[in-house]
Amino acid sequence: MKEKRVRTRYAPSPTGSMHIGNLRSALYEYLIAKSQGGDFILRIEDTDQSRLVEGAIEKIYDTLKLAGIQHDEGPDVGGDYGPYVQSQRKDLYLPYALELVEKKQAYYCFCDKERLEELRKSQGHEGVKYDRHCLSLSDEEIKANLEAKVPFVIRQKMPQEGSVTYEDAVFGTITVPCSELEDQILIKSDGFPTYNFANVIDDHLMKITHVVRGSEYVSSTPKYILLYEAFGWDVPVFVHLPLITKEGGRKMSKREGDASFMDLVEKGYLPEAIVNYVALLGWSPRDNREIFSLQELAEAFDISGISKSPSVFDMEKLNWMNREYIRKLDMDSFHAKALPWYEKAGLYETNIDLSKVSKLLIERVEYFEQIPEMVDFLIKMPEDYDLNMFAHKKMKTTVENSVGFLEESLKALEPIEDWNVQTIEQALMDTVQRLGVKNGQILWPVRTAISGKQSTPGGAFEIADLLGKEETLSRMRISLIRLKNL
RNA sequence: GGCCCAUUGGUCAAGUGGUUAAGACAUCGCCCUUUCACGGCGGUAACAGGGGUUCGAAUCCCCUAUGGGUCACCA
């Protein structure tokens, strides 16, 4: 048997933004193809015309592009198996359905929604299958209905006995009794195929070798198998992916406002970091490595590393990974990415040297949205900060002794003409020497007095340098007054 | 409810009959240190429960519990 070229596809429906689960599906599909030198195809599944969302296709393109997951074939780039949008393939499906009708594997159904509704009501709540009311229609009746233009659907005829078994690449052997299978609709009354049908047809026509999708499709896969068999087509490899849930084990959903890829990007997470993190949710490499570029993932990826159990999306770990990526950025690109956040924070209205800010921040930021809060004190000193902050056990400072230390520091700083980190450091360290105290006893009060915060992106020297001489001394004096007025 | 699937520390996870049950994030402690962060060292913490099979089970089988998925003219 000759090796077939591996082809996978990402087949989203254009109904909104790509949440994390979708992104991971696309990623794994891409990786499965690329790890074996295959092709990754993008196909738009818009057979539900009532759910179309304006601009959703563009969002998909943008997301894929940002994530670096580039497709070899798709609506925008073309390919030999187009069109890649199902609504543009609409006329292609009916003949296949009719072929099945011909083979007695499918049949016309003229039942309207009302009847189906009642059927459901009469039989209880869930687990109700279609009663095959139309299966027994005679050819004449069918013909008459067709000529009378009675709306119809085409249903797949399921076997009544036995079971269907298939090998899932991650879940192993799955067996479902045929009694569980409903005579599902293949062609809807609006002439469009259902997802289940279009999927099989398109995957076959597009020569997809690995059908990769979320595990919510595991139990409907037997229906697909039956379809492939009815047509006499090769059954592809099914790779079902475990779910990604949020804390508490609930499924992530855009309805509930769970983060989409784009949301995370907007918060200042780097696409590479998100991709890296998501790749590790549900898949693990043979070794213990955690940092992977997309290229490296494509080299290391293996279906056998995919796990069966769902995993929780952990923001903390994403934060960690994002910081790893941020710290690897060179200064210029970090600075460029930070700029919009400086603007948002109001730093543009100050004379503060932003490149110096970046140097301090690159070591401390987990994601960019944190920046405004980290630098707010530079713009405006918090006026009513808690003076108890001056008391620091390890620094050996108290609210009381800080007064004297601050006064001495002020004296040392006032004469400085060339105000920079070095001169500030020298002046302050000289003071430490002169008074014979611990470094922290001088530096902690100074830093606190000019920032009003428990922690800052830099120490006393750096913050004083950023603020400039005038502002620094002014803040120290104000804090001193507050301390004395206690 | 029927069917399908899953279950290793708070989280991600390695592990495929014999291990002191890795590693990472988080957390805690210590060190370093001008705060925070970084870095270094160390700690707490797991095989859902019960039966088997076996000389030996996290690994195989069964039952129970819990969790999830699915039962549409949605994908």
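Computed over heavy atoms, backbone and side chain alike; hydrogens, waters and symmetry mates excluded. Proteins come first, then strands; the chains are lettered A, B, ... in the order of their sequence lines, and each starts at number 1. Being a predicted model, the structure only gives us computed values, none of them experimental.
The partner of B/U16 cannot be assigned: no Watson-Crick or G-U wobble pair with both contacts below 3.5 Å exists in any strand. When both distances must be under 3.5 Å, the Watson-Crick or G-U wobble mate of B/C3 is B/G69. Judged by Watson-Crick or G-U wobble contacts below 3.5 Å, the nucleotide B/U27 has B/G43 as its partner. Base pairing of B/A48 is made with B/U64, judged by Watson-Crick or G-U wobble geometry with both donor-acceptor distances under 3.5 Å. Across the strands present, B/C38 finds no partner; the criterion is a Watson-Crick or G-U wobble pair with both atom distances under 3.5 angstrom.
Remark: the separation of the C1' atoms in B/G9 and B/A26 is 11 Å, to the nearest Å. Taking atom P on both B/C25 and B/U33, the two are 24 Å apart, rounded to the nearest angstrom. Using atom P as the reference point in both B/G23 and B/A46, the two lie 15 Å apart (nearest Å). If you take atom C1' in B/U19 and the same atom in B/U59, they sit 12 Å apart, rounded to whole Å. B/G52 and B/A13 have their P atoms separated by 33 Å, with the value rounded to a whole Å. Atom name C1', nucleotides B/G50 and B/A57: the rounded distance is 15 Å, in whole Å. Taking atom C1' in both B/A72 and B/U16, the straight-line distance is 40 Å, to the nearest Å. B/C60 and B/G15 have their C1' atoms separated by 15 Å, with the value rounded to a whole Å.
Looking at the side chain of A/Asp314, the nearest of the listed nucleotides B/C25, B/C38, B/A75 is B/C25. Candidate nucleotides B/A24, B/U35, B/G69 were compared by shortest atom distance to the side chain of A/Lys317, and B/A24 ranks first. For A/Asp48, the side-chain atoms get nearest to B/A75 when compared with the rest of B/U7, B/A75, B/C25. Picking from B/C12, B/C38, B/A75 the nucleotide with the shortest atom distance to the side chain of A/Arg323 gives B/C38. Comparing atom distances between the A/Val176 side chain and each of B/A75, B/C4, B/G39 picks out B/C4 as nearest. For A/Lys113, the listed nucleotide lying nearest its side chain is B/C73; candidates were B/C73, B/A13, B/U35. Relative to the side chain of A/Arg51, the nucleotides B/G69, B/C74, B/U34 differ in distance, and B/C74 lies closest. In this structure, the nucleotide among B/G69, B/C71, B/U35 sitting nearest to the side chain of A/Trp444 is B/U35. Residue A/Trp320 places its side chain closer to B/C25 than to any other of B/A75, B/C25, B/G68.
No engagement by A/Thr397 is indicated, since no non-hydrogen atom pair under 4.0 Å with the nucleic acid exists. Residue A/Ser179 is classed as having no contact, given no heavy-atom separation below 4.0 Å to the nucleic acid. A/Asn288 comes within contact range of at least one nucleobase, with a heavy-atom separation under 4.0 Å. Note on A/Gly458: a base of the nucleic acid sits closer than 4.0 angstrom, heavy atoms only. Among the protein residues, A/Lys438 comes within range of no part of the nucleic acid, since none of its heavy atoms lies under 4.0 Å from any strand. Among the atoms of the strands shown, none is found under 4.0 Å from any heavy atom of A/Cys178. Among the atoms of the strands shown, none is found under 4.0 Å from any heavy atom of A/Arg286. Across all strands shown, A/Phe171 has heavy atoms under 4.0 Å from sugar-phosphate atoms exclusively, and none from any base. Across all strands shown, A/Val218 has heavy atoms under 4.0 Å from sugar-phosphate atoms exclusively, and none from any base. A/Glu462 comes within 4.0 angstrom of a base, heavy atoms only. Base engagement by A/Thr456 is indicated by at least one non-hydrogen atom pair under 4.0 Å involving a base atom. Residue contacts for A/Met395: at a heavy-atom cut-off of 4.0 Å it reaches the sugar-phosphate backbone alone, with no base atom in range. Residue contacts shown for A/Glu180 include a base, since a base heavy atom lies under 4.0 Å away. Using a 4.0 Å heavy-atom cutoff across all strands shown, A/Tyr217 reaches at least one base atom of the nucleic acid.
Residues A/Tyr93 and A/Asp202 bring a donor and an acceptor atom of their side chains to less than 3.5 Å of each other. In summary, the side chains of A/Asn420 and A/Thr423 do present a donor paired with an acceptor at a separation below 3.5 Å, with no hydrogens or angles considered. Side chain to side chain, A/Asp183 and A/Tyr107 meet the donor-acceptor criterion of an N or O pair below 3.5 Å. No side-chain donor-acceptor contact under 3.5 Å links A/Gln49 and A/Asp190. Side chains of A/Thr221 and A/His240: a donor-acceptor N/O pair is present below 3.5 angstrom, by distance only. A side-chain donor from one of A/Tyr385 and A/Ser479 sits under 3.5 Å from a side-chain acceptor of the other.
Listed pair A/Lys188 / B/C74 meets the phosphate criterion, a side-chain N or O lying under 4.0 Å from OP1 or OP2. Residue A/Ser215 places none of its side-chain N or O atoms closer than 4.0 Å to OP1 or OP2 of B/C4. One finds a side-chain N or O of A/Ser284 lying less than 4.0 angstrom from the OP1 or OP2 phosphate oxygen of B/A14.
To the nearest angstrom, C1' of B/A13 lies 11 Å from OH of A/Tyr277. Separating the CG atom of A/Leu360 from the P atom of B/U34 is a distance of 16 Å, rounded to the nearest angstrom. One interatomic measurement links the two molecules: CG of A/Leu280 to C1' of B/A24, which rounds to 9 Å at whole-angstrom precision. Rounded to whole Å, atom P of B/A14 lies 12 Å from atom CG of A/Leu281.
In this structure, A/Glu373 pairs ionically with A/Lys453, as a charged nitrogen and a carboxylate oxygen lie closer than 4.0 Å.
Aromatic pair A/Phe368/A/Phe334: centroids less than 6.0 angstrom apart. Aromatic ring centres of A/Phe390 and A/Phe405: separated by at least 6.0 Å.
A donor N or O paired with an acceptor N or O is found under 3.5 Å between the base of B/C73 and the side-chain atoms of A/Ser189. A donor N or O paired with an acceptor N or O is not found under 3.5 Å between the base of B/U11 and the side-chain atoms of A/Lys246.
When the nearest nucleotides of RNA chain B are assigned to A/Glu425 and A/Val312 by heavy-atom distance, the more 5′-ward of the two goes with A/Val312. Positionally, the nearest nucleotide of RNA chain B for A/Ser455 lies more toward the 5' end than for the other of A/Ile185 and A/Ser455.
Residues A/Leu42 and A/Tyr84 fail the side-chain proximity criterion, which asks for heavy atoms closer than 4.5 Å.
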